[in-house]
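A quick write-up on the structure given underneath.
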Amino acid sequence: MSALVESPAWQALVEHAATARDLSLRTLFDADADRFAHFSLAAGPLFIDCSKHLVTARTRELLVALARQQGMDSAIADLFGGVRLNHTERRPALHTALRDRSGQPVMLDGRDVMPDVRSVLARMRRFSDGVRDGALRGLGGEPFDAVVNIGIGGSDLGPQMVVEALRAHVRPDLKVRFVSNVDDTHLVESLRGLDPARTLFLVSSKTFTTQETMTNAASARRWLVSGLRDERAVATHFAAISTNLEATAAFGIAPDRVFEFWDWVGGRYSLWSAIGLPIAIAVGMDRFESLLGGAHAMDRHFRTAPLETNAPVLLGLLGVWYRNFLGCATQAVLPYEQYLHRLPAYLQQLDMESNGKRTDRSGRPVDYDTGPVVWGEPGTNGQHAFFQLLHQGTQMVPADFILAARGAHDLEGHHDILLANCIAQSQALAFGKTEAEAGAEMIRNGIDPAEADRLAPYRAFPGNRPSTTIVMDSLTPEALGALIALFEHRVFVQATLWNINPFDQWGVELGKQLAGTVLASLRAGTPAANLDGSTRGLIDRVGRNT
Ligand code: G6Q
């Protein structure tokens, strides 16, 4: 058994979970009239209701004891202090420095990184202002009316999610598109209707070697040069965001169009760096800086709040409670906010690429479950689709509801319906409806008692299905920044509890490597003899010579 599973704090939770399985949220609320106040908290611009969780004050105590046992306080200090927590790549994870607004130095290897961070932010401001006000123009002197970001994974999901979230602030005359997939459909459809003379490409790639991004960038370059009939267009119509300055120069991108970031910024933690340039161009640098400010507020909270009232710590502990002690395999993210429609996809990468690990920090296989499957869709759409399983399926799925008290628009009768549905869903999940209640309700509605009796088992809801509700006043850049940082830190808290490294991603390597061999076979028109039967068969089936 691992030291974690054998540890006193873990074992105390195992024992406690045996009784917690019988907890009833109805009973817990009946027993404590102030449960909502006792189990909710504020963090920066967010209010977080945790009262609909299958926990008592004792559960919270035991979970916090686990955090303490696992060295949470010093792990948080190490994160902000630039310790090389990403031990397999020997790198720190200092994304918090990118949004540090304190004016204090952030030291890495005896050097303050903040002057570099501020200098790139200043360059981003000049460039994004220039694109927005027309001071920067295309080769023929025309202002840009389209920005196409080419990147994938961490160089796509974060900025895309934020641009979508802040779409209400995107200038209506500016088209902002994101191309990630190597499937040429993505590039072709994204360029449809764009004028090369007015199109700016941002090639976002930390390494500047990623196959999909380089393939798309090369095709975008051909589209531009053939449209404008001039090779010089590359220098004016392309900018790059990368840590690989040699490769950006080799591509032909002018040095003053290259925005640098650093190897201490992980891909899925990079939207706060120059990878956020499409955000700054889309909504303006002031709003981008407000986004950083919101994240910094959450960082301050995470760094200073006691474990008992620390929002990322408590949410991380709840996740571990459900995953390891109550056997939940998945976690739903349900934003009741259409502008957050890309948030589930973004969180899927953040959480699953960070905590989808089976080897602990000392290289041993874990003997406990780690990261859950994260999934979701905006409400109310999900209610008419998969919510059935959440309410009446055989598995318990903890859910995160996210909502803004004030809507972005004011069409009559919309926002209160949205809010009512969100709150009602968490209520239905928590408190359910007994068979007796379902039967009585049908009889009240005039249904024959025998029929009511027959249908009652189908119309009953078990309840006791847990959820968190995260409320912001409105979806401002500050609130969004705080929300993203909250989730980033929740992932870190869970990794710390599980003793795994959330900042590497070796699990994506094998597929990339094998794709090289398969591609060589496809291009040769014949599968390599040493491949397995299925791979050979598929190459034959889709290959050019079949
Ligand atoms: C994120 C991952 C991964 C990465 C992409 C793109 O944490 O490392 O999603 O962001 O593979 O990599 P490049 O930015 O190097 O093109």
Side-chain angles (χ1 to χ4, degrees), residues 9-10 12-13 16-17 20 23 25 28-29 32 34-77 79-80 96 295 297-326 328 331-334 347 350-351 354-355 370-372 374 396 398-403 426 430 465-472 479 482-498 502:
W10 189 277
L13 281 160
H16 179 69
L23 285 178
L25 284 169
L28 291 173
F29 273 88
D32 178 3
D34 291 326
R35 185 173 167 85
F36 177 70
H38 289 154
F39 286 88
S40 52
L41 67 154
L46 307 180
F47 175 84
I48 306 169
D49 172 19
C50 295
S51 63
K52 292 193 186 101
H53 279 290
L54 289 169
V55 293
T56 61
R58 177 73 183 142
T59 323
R60 182 163 54 190
E61 255 171 54
L62 293 173
L63 286 169
V64 170
L66 177 69
R68 211 155 260 136
Q69 173 191 282
Q70 294 305 99
M72 193 60 65
D73 285 313
S74 60
I76 295 172
L79 177 73
F80 286 91
T96 50
M298 184 57 67
D299 292 343
R300 276 202 315 270
H301 166 87
F302 184 47
R303 206 172 177 176
T304 57
L307 298 182
E308 289 77 3
T309 52
N310 190 310
V313 171
L314 291 176
L315 293 188
L317 286 167
L318 284 168
V320 166
W321 173 238
Y322 292 116
R323 184 82 182 103
N324 300 102
F325 300 98
L326 299 186
C328 301
Q331 165 81 44
V333 190
L334 308 168
L347 290 180
L350 178 65
D351 205 311
S354 297
N355 285 345
T370 60
V374 175
M396 182 159 86
D400 289 331
F401 289 94
I402 300 164
L403 78 165
S426 70
R465 304 212 157 181
S467 65
T468 304
T469 301
I470 302 175
V471 183
M472 36 194 162
L483 183 72
I484 302 168
L486 171 71
F487 283 116
E488 281 183 352
H489 294 321
R490 175 171 86 174
V491 165
F492 175 72
V493 164
Q494 295 188 337
T496 304
L497 296 169
W498 287 322

Look up atom [atom1] in [X] and atom [atom2] in [Y], then write down how far apart they are to the nearest 0.5 Å.
X      : Y      : atom1 : atom2 : result
Ile76  : Leu79  : CD1   : CG    : 8.5 Å
Arg303 : Thr96  : CZ    : OG1   : 7.0 Å
Asp400 : Thr469 : CG    : OG1   : 8.5 Å
Phe29  : Asp34  : CZ    : CG    : 11.0 Å
His38  : Arg60  : NE2   : CZ    : 8.5 Å

Taking every non-hydrogen atom, the tightest pair across [X] and [Y]:
X      : Y      : result
His301 : Pro312 : CD2-CD, 3.7 Å
Leu41  : Thr309 : CD1-O, 3.3 Å
Asn310 : Ala305 : ND2-O, 3.2 Å
Leu497 : Ala67  : CD2-CA, 3.7 Å
Ala17  : Trp321 : CA-CH2, 3.8 Å
Phe492 : Ala75  : CZ-O, 3.5 Å

Do [X] and [Y] have side chains that approach each other closer than 4.5 Å (heavy atoms only, starting at C-beta)?
X      : Y      : answer
Met72  : Leu66  : no
Leu486 : Ile48  : yes
Phe325 : Val320 : yes
Met396 : Leu54  : yes
Thr496 : Val493 : no
Ile402 : Leu334 : no
Leu63  : Thr59  : yes

Under 3.5 Å, is there a donor-acceptor pair between the side chain of [X] and the main chain of [Y]?
X      : Y      : result
Gln69  : Ala9   : yes
Arg465 : Ala430 : no
Gln494 : Gly316 : yes
Asn355 : Thr370 : no

Stepwise side-chain contact (heavy atoms from CB on, under 4.5 Å) test for Cys50 and Leu318: CA-CA 9 Å; Cys50 295; Leu318 284 168; 4.1 Å; yes
Quiz question: by atom type and distance under 3.5 Å, do the side chains of [X] and [Y] form a donor-acceptor pair?
X      : Y      : answer
Ser467 : Lys52  : no
Trp10  : Asn324 : no
Asp299 : His489 : yes

Start with the C-alpha distance between Asp351 and Arg490, add both sets of side-chain angles, then the distance that settles side-chain contact (heavy atoms from CB on, under 4.5 Å), and finish with yes or no. CA-CA 9 Å; Asp351 205 311; Arg490 175 171 86 174; 4.3 Å; yes
side-chain contact (heavy atoms from CB on, under 4.5 Å), that's the test. Do Asp49 and Phe401 meet it? Break it down for me. CA-CA 10 Å; Asp49 172 19; Phe401 289 94; over 6 Å; no
Residue pair Asp32, Ser51: steps toward the side-chain contact (heavy atoms from CB on, under 4.5 Å) verdict: CA-CA 11 Å; Asp32 178 3; Ser51 63; over 6 Å; no
Would you mind checking if Glu308 and Arg68 are paired as a salt bridge, meaning a charged N to carboxylate O distance below 4.0 Å?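 Result for this pair is yes, salt bridge flagged.
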If you apply the rule ring-ring contact (aromatic ring centres under 6.0 Å, His included), what do you find for His53 with Tyr322, and how did you get there? CA-CA 10 Å; His53 279 290; Tyr322 292 116; 5.5 Å; yes
Show, in sequence, the C-alpha distance, side-chain angles and deciding distance for Phe47 and Phe36, and conclude whether the ring-ring contact (aromatic ring centres under 6.0 Å, His included) test is met. CA-CA 12 Å; Phe47 175 84; Phe36 177 70; 5.7 Å; yes
